[in-house]
Protein chains: 2
Amino acid sequence: MKESTICPRLAKAMELLGKRWTTLILYQLLEGPQRFNEIESALPVSGRLLSERLKELEKEGVVERKVYTEVPVRVEYFLTDKGKALEGAIREVEKWSQCWIK
Amino acid sequence: MKESTICPRLAKAMELLGKRWTTLILYQLLEGPQRFNEIESALPVSGRLLSERLKELEKEGVVERKVYTEVPVRVEYFLTDKGKALEGAIREVEKWSQCWIK
DNA sequence: ACACCTAGTTACGAAAAGTAAGTTGATGCT
DNA sequence: AGCATCAACTTACTTTTCGTAACTAGGTGT
């Protein structure tokens, strides 16, 4: 790595959000709490990566995980306040894609 | 790949914007036209990847490339209208990072 | 002829992603 | 008891992408 003049906070944010699938997972969670399998079927992402990304997002405090000890077990993921604060950014990307992607 | 219920335009947008460095490169270009070496020194990205990303962005019509046949040659990259239309989204991410990333 | 400058490209080992099969723990079925 | 089922992961393995550093091309200046 080299020195860079860019703002470290933005760089760190993009290190998280710039990973494959991350933003689409968050977009999906804007709909409300969802279980592992729901997210997996909504997106073309594999269980392996989904699991990895959700852990990263949890670690960053963007997403939380709640286990319901039913049978079979149910696990729900949902946005924290930090995660909900990303809605504006995600909606802007959504708008852009509607206008500019054919 | 599996079937997914997510909007294909957003998915395609994220396929571009979700790649490593892409958004930071665009953020950098919000400052105005810049040469290859300027972008390279502003970001911790290598020439190899910068070249690859700029080609992708050019192909998608987000960025344009202008060659000045001076000595030595000068090449400038700048945002098209499609690229400038991303400013809102990028600024939202920037705001989020200022508020939520320590 | 040789060094220098920008703007790349190439080669190659390392890390991340994609795919598919396997694991865990609590049932219910026969 | 033994086996199948279900969600939510996890492992093993192949393919793609990344990171680093060295190299190339075209046009000077010395």
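Every chain is numbered from 1, with letters handed out A, B, ... down the list of sequences. This structure is a prediction, so every number in the text was calculated from the model and none was measured.
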Nearest-Å distance for atom pair CG/P, residues A:Leu43 and C:dG18: 12 Å
Nearest-Å distance for atom pair CG/C1', residues B:Leu50 and D:dC18: 14 Å
Derivation and outcome, salt bridge (Lys or Arg N to Asp or Glu O under 4.0 Å), residues B:Glu87 and B:Lys84: CA-CA 6 Å; B:Glu87 174 154 13; B:Lys84 285 177 192 153; over 6 Å; no
Length of the CD1-C1' vector between B:Ile39 and C:dT6, whole Å: 13 Å
Side-chain donor/acceptor of B:Arg48 to base of C:dG8, under 3.5 Å: no
B:Leu30 side chain reached by B:Leu86 side chain, heavy atoms, under 4.5 Å: no
DNA chain C contacts among residues 52-73 of chain B, heavy-atom distance under 4.0 Å: B:Lys55, B:Arg65, B:Pro72, B:Val73
Any B:Trp21 side-chain N or O less than 4.0 Å from OP1/OP2 of D:dG19: yes
Separation of D:dC18 P from B:Ile25 CD1 (nearest whole Å): 11 Å
side-chain N/O A:Arg35 vs D:dA8 OP1/OP2, d < 4.0 Å: yes
Integer-rounded Å distance: D:dT16 C1' and A:Leu49 CG: 12 Å
Interatomic distance where CZ belongs to B:Arg74 and C1' belongs to C:dG8 [whole Å]: 17 Å
Pair B:Lys59 + B:Glu56, salt bridge at N-O below 4.0 Å: no
Electrostatic pair B:Glu76:B:Arg74 at N-O distance under 4.0 angstrom: yes
Short side-chain to backbone donor-acceptor contact, B:Gln28 and B:Ile39, under 3.5 Å: no
B:Arg9 side-chain N/O to A:Cys99 backbone N/O, donor-acceptor pair under 3.5 Å: no
Atom-pair distance (NZ on B:Lys19; C1' on D:dC18), nearest Å: 12 Å
Cationic N near anionic O, under 4.0 Å, B:Lys55 to B:Glu58: no
d(CG, A:Asn37; P, D:dT10) in whole Å: 14 Å
Which nucleotide in C:dG8, C:dT19, D:dA8 has an atom nearest any side-chain atom of B:Val75: C:dG8
Residue A:Ser51, side-chain atoms from C-beta onward, closest of C:dT6, D:dT20, D:dT10: D:dT10
